[in-house]
Amino acid sequence: MGLKAESYQKNNLQTQTTYYKTPIGTAKIVGDFNGIQAVSVLDNDEVSEELFKKETPKCLQDCVQQLKEYFNGERTHFNLTINPKGTTFQKKVWKALLEIPYGKTRSYLEQSKALGDVKALRAVASANGKNPLWIVIPCHRVIGSDGALTGYAGGIWRKKWLLAHENPVKQQSLF
């Protein structure tokens with residue numbers, strides 16, 4: 001055949017999974033050499049300690065490193081090849097989420113307007129809820145029009161933590 005091992009691996013698109021402990025739970029990262037397909041966060045008690053002893057697959061190492069940098073406050077933008085599974089509309093919504101700057105929020109209504117259809121509010125909210133790449137595609141930055149922290153698949157406490165992490169309250173001087 002004459003294929004090198006590296007090129008064989010790239011053509012053999014077997015999905016890989018790894019786990020990484022974060023301050024908000026255990027990140028489950030799924031992908032292959034075509035990109036990261038999913039990042040979700042599980043409660044730590046849902047994951048066996050044995051899974052952390054396994055070597056991180058090469059195709060997922062960059063994602064683990066970038067998540068580590070994000071949680072250490074060293075990264076404000078992810079630079080990963082992503083390959084989420086979803087409908088054309090969902091992918092359009094997820095792409096728009098990538099335009100929300102680090103430390104900023106937008107309402108679901110603002111997201112609908114950005115996508116060109118105010119009437120698509122519920123569909124946009126639904127697509128946000130189906131985002132398979134938590135944190136990397138920042139659906140946590142979308143809030144209610146009244147500022148309420150609504151609708152986050154990982155739980156409102158995680159959404160609140162992520163927003164506070166990206167925009168920490170700074171102590172103001174009294175004098």
Partner of Val142 by side-chain contact (heavy atoms from CB on, under 4.5 Å), out of Asn128, Asn131, Val124 = Asn128
Nearest atoms (heavy-atom pairs only) where [X] meets [Y]:
| X | Y | result |
| --- | --- | --- |
| Pro132 | Pro84 | CG-CB, 3.7 Å |
| Trp94 | Ala127 | NE1-O, 2.8 Å |
| Gly31 | Leu60 | N-CD2, 3.6 Å |
| Lys85 | Asn83 | NZ-ND2, 3.4 Å |
| Ile135 | Leu67 | CG2-CD2, 4.2 Å |
| Leu121 | Ser112 | CA-OG, 3.1 Å |

Take Glu99 and Arg141 through the salt bridge (Lys or Arg N to Asp or Glu O under 4.0 Å) test and state the conclusion after the steps.
-> CA-CA 10 Å; Glu99 296 171 12; Arg141 295 180 189 154; over 6 Å; no
Given Thr18 and Val64, is the side chain to side chain contact (heavy atoms under 4.5 Å, CB included) satisfied, shown in steps?
-> CA-CA 9 Å; Thr18 196; Val64 170; 3.8 Å; yes
For a 4.5 angstrom cut-off between non-hydrogen side-chain atoms, does [X] reach [Y]?
| X | Y | value |
| --- | --- | --- |
| Leu42 | Tyr19 | yes |
| Asp117 | Leu115 | no |
| Thr81 | Asn34 | no |
| Ser126 | Lys130 | yes |
| Leu163 | Ile143 | yes |
| Leu98 | Pro138 | yes |
| Gln16 | Gln14 | yes |
| Phe71 | Ile24 | yes |

Over 60° means perpendicular and under 30° means parallel, so classify the ring planes of Tyr152 and His140, tilted if in between.
-> perpendicular
Joint hydrophobic cluster, Trp161 plus Ile100, side-chain heavy atoms closer than 4.5 Å | yes
Hydrophobic cluster membership, Leu80 vs Phe33, 4.5 Å side-chain cutoff | no
Nearest 0.5 Å please: distance from the CD atom of Gln37 over to the CG atom of Asp32.
-> 5.0 Å
Nearest 0.5 Å, what's the SG-CG distance between Cys139 and Leu133?
-> 9.5 Å
Side chain to side chain donor-acceptor pair (under 3.5 Å) partners for Gln65, two or more places apart | Glu69
Non-neighbouring partners of Tyr70 that pass side chain to side chain donor-acceptor pair (under 3.5 Å), sequence neighbours left out | Glu166
Would you call Glu50 and Lys53 a salt bridge, using N to O less than 4.0 angstrom?
-> yes
For Glu74, look at atom CD and say whether over 12 heavy atoms of other residues, nucleotides or ligands are found less than 6.0 Å away.
-> yes
Does the Gln111 side chain pair with the main chain of Val93, one donor and one acceptor, at a distance under 3.5 Å?
-> no
